[in-house]
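Per chain, numbering begins at 1; letters A, B, ... match sequence-line order. Reckoned from all heavy atoms, side chains included, excluding hydrogens, waters and symmetry mates.
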Amino acid sequence: MRMSKMFSRTLREAPSTADSKGYELLLRAGFVRQMGAGIFSLLPLGYRTTTKIENIIREEMDEIGGQEILMPVVNPADIWKETGRYYSIDKEMCRFSDRANRDMVLAMTHEEDATAIARNEIGSYKKLPQLIYQIQTKWRDDARPRAGLIRVREFTMKDSYSFDRNIEGLNEQYKNHYASYFRIFSKAGLPVIVVGADSGMMGGKISHEYMYLSPIGEDTIITCDKCGYTANRQVAVFQKEYFKEEEKSLEKIKTPNCKTIEELCTLLNIEKRQTAKAVFMVGTYIDDKTGEEEEKLIIATIRGDFDVEENKLQKACKANSLRPAHEDEIKAAKMVPGYGSAINCDPKTIIIVDDSVKKSNNLVAGANEEEYHLLNTNYGRDYKGIVADIASAKDGYTCQCGHKLKENRGIEVGNIFQLGTKYSESMNCFFTDEDGKNKPVIMGSYGIGVGRFLACLAEEYNDEQGLSLPISVAPYQVHLISLIKDKELSEKIYNDLTNKGIDVLYDDRKESPGVKFTDADLIGIPIRITLGNRSVKEGKAEVKFRNNLSENFLFNLDSITEEIQKSIDNLKSELTKKIIHKELSL
RNA sequence: CGGAUAGUAGCGCAGAGGCUAGCGCACUUGCUUCGGGAGCAAGAUGUCGGAGGUUCAAGUCCUCUCUAUCCGACCA
């Protein structure tokens, strides 16, 4: 590619909306442009990188037996009604009607599509296992897109769907993906860690997320250095210390101006762990078949020294969504905000109790009366409810192995889910097994966000001068800068390299050397060849590597194509050396 | 969806009632320059986000609206 003909331009100053280094450089170097909130165009450089990422993904998906397909972005709403997600997913899904007034949606993932196809193609166990995948556009109308390419509304995703006879088959496909994803990220040079995760709207039980650790990430990851435990905070577990003493009887005491745990502890001169705090939420429950919604008040009771992890709470109470309760809703259930507890509340309230409360006793809790608390409340004796772990794991808490937990921020670039039969059963995707019986196909689904992948690479590989993407994903392999008058020589080298199949970005512009160098630094092609008067006279070209700009090499012009090819191979093998192999035990 | 901020040239910004809207970079042409964002000269570029209003006069004041960004709610 000749830079004199290139579509995009580089920017000296970043648009004011760029708030992370990687995103700023993607804009400045001309990889991406923004169209709207969470909506982006890929310019030639960005698209080339994206294509390279996609091809790495294709290679690895094909390697584990994946067959590439393409499903539609526009879906008839019917299949989404079959699984109930037409009703259970809120405004994040775009709904519209076509000219004949049929309900339509924009697919935000493709479990429904994949299942709808599979139920017609797979009739027998002889057809199983299967693995299909696609690289395709998704639309998710996120309430708040942010951070450049990290959280967007329209994005490209690789999604694969596995179909199996039995759980062993699913486990194998799941393990294949687990390892395959590590190879994909390693080939592209992106360091990731895998964490145990929540399956969210996908349903199913086992799931893992691939996280790129970064302070701009929106997920919190809890890790233990000693035993290797890693999990998204949404599901992370930790060791709680319990305190049990001889049971004492309830006692009502006056506690004016004690609406918070801190105030209460100060007044009574006790520790937070000696209290039970109440968190009021309203859960929405949606009927999968009819779409009817019902709201229920939920009181989460947790020991005062812990915080409620909303995600865990939502699971425990089996709600489709949660929101904080309004004061009047709390009062309507005979409880008092600031002085609330599950004791003597309206029986319709769903009571969720953290196991820390069950395993402790004589806790101070609200009396459901303005300015009064109760001493010595005990779960089981004074109130009952669903016991679950709903506590949020935090930095410094104790891992189950006894070591201290740490927390980090991360960006989710990939995920794998064991779906089981959720979709096959609701969508009637059955096969006839060897024993002649009809059984639901067992499914898994697996995603990689391609745009996020690019964004993470840009965060990982940059310096003050610009981007410095690994050779496997950089838009070009070689940047040829010509500073000499002898056009013929530059053209010859450009053609020789290109004819060898090397991706060359050739700066043939009538620009000053300074402009060419700064643009080269900014775009960050891994290998740079500079043709300058001094070295050319001696039959040499200067070569620099973007990941080490301070070192300068001289290559012979006669053998430059071969030398450059060797350098490319070296850079590539350095990347593959870093491949992490991790075993997954299920 | 709540709170805050901002929309003036491709990008970054100034102009805060006064008549012809500006600066830097980028862009065009010419000459010089040519190893780290060159110099000189000449030029082109704006429905001042949109609609309505106040006024002799509106980027500038008022009302509504749209859009974007950040914080939160939310989210794979």
Side-chain angles (χ1 to χ4, degrees), chain A residues 8-20 23-24 27-30 33-39 85 89-93 107-111 138-148 150-153 155 157-159 195 197-204 207-211 216-219 232 234 281-282 284 310-311 314 320-324 410-417 445-452 464-466 481-485 507 509-522 528 530-536 541-542 544 549-550 552:
Chain A
S8 58
R9 63 157 132 203
T10 54
L11 303 175
R12 280 205 186 187
E13 282 176 286
S16 53
T17 53
D19 51 354
S20 78
Y23 177 43
E24 179 193 320
L27 286 168
R28 286 224 290 133
R33 293 288 181 254
Q34 185 171 12
M35 285 290 293
I39 307 174
R85 285 161 116 190
I89 295 173
D90 200 23
K91 289 182 185 158
E92 216 178 328
M93 181 156 66
M108 41 191 288
T109 172
H110 280 77
E111 282 76 18
K138 312 280 184 235
W139 172 262
R140 294 185 191 177
D141 197 358
D142 196 301
R144 172 123 141 73
R146 65 181 111 187
I150 303 296
R151 202 167 127 182
V152 295
R153 295 193 292 172
F155 58 99
M157 181 167 160
K158 184 289 298 180
D159 43 329
V195 308
D198 176 52
S199 49
M201 68 169 182
M202 293 299 178
S207 103
H208 288 87
E209 291 169 339
Y210 289 75
M211 294 282 184
I216 66 166
E218 298 198 292
D219 286 278
N232 195 308
Q234 295 176 333
M281 306 291 285
V282 169
T284 308
E310 254 190 61
N311 198 70
Q314 188 180 338
N320 288 69
S321 63
L322 288 181
R323 63 164 173 84
I411 300 168
E412 181 191 344
V413 280
N415 52 43
I416 52 180
F417 297 99
S445 90
Y446 318 84
I448 291 178
V450 178
R452 267 193 191 174
E464 278 310 301
Q465 278 70 40
I481 298 178
S482 172
L483 301 178
I484 51 175
K485 293 249 162 64
D507 197 343
R509 296 175 301 172
K510 286 181 190 143
E511 286 289 351
S512 71
V515 170
K516 293 185 176 184
F517 287 132
T518 26
D519 274 346
D521 291 345
L522 180 59
R528 178 182 314 170
T530 308
L531 297 174
N533 286 320
R534 273 170 268 145
S535 47
V536 164
E542 289 162 53
K544 273 190 180 187
L549 287 176
S550 54
N552 209 357

Is [X] touching bases, backbone alone, or none of the nucleic acid, heavy atoms closer than 4.0 Å?
X      : answer
A/T518 : base
A/R33  : nothing
A/V413 : nothing
A/R28  : base
A/A147 : sugar-phosphate
A/E542 : base
A/K158 : nothing

Under 3.5 Å on both distances, the Watson-Crick or G-U partner of [N]:
N     : result
B/U60 : none
B/G30 : B/C40
B/G7  : B/C66
B/G17 : none

Distance between [atom1] atoms of [N] and [M] (Å, rounded):
N     : M     : atom1 : value
B/G24 : B/C64 : P     : 38 Å
B/G72 : B/G17 : C1'   : 38 Å
B/C48 : B/A9  : C1'   : 10 Å

Listed nucleotide nearest any side-chain atom of A/S16, set B/G37, B/C13, B/A76: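 The nucleotide sitting nearest to the side chain is B/C13.
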Is a salt bridge present between A/R509 and A/D507, judged by a nitrogen-to-oxygen distance below 4.0 Å? yes
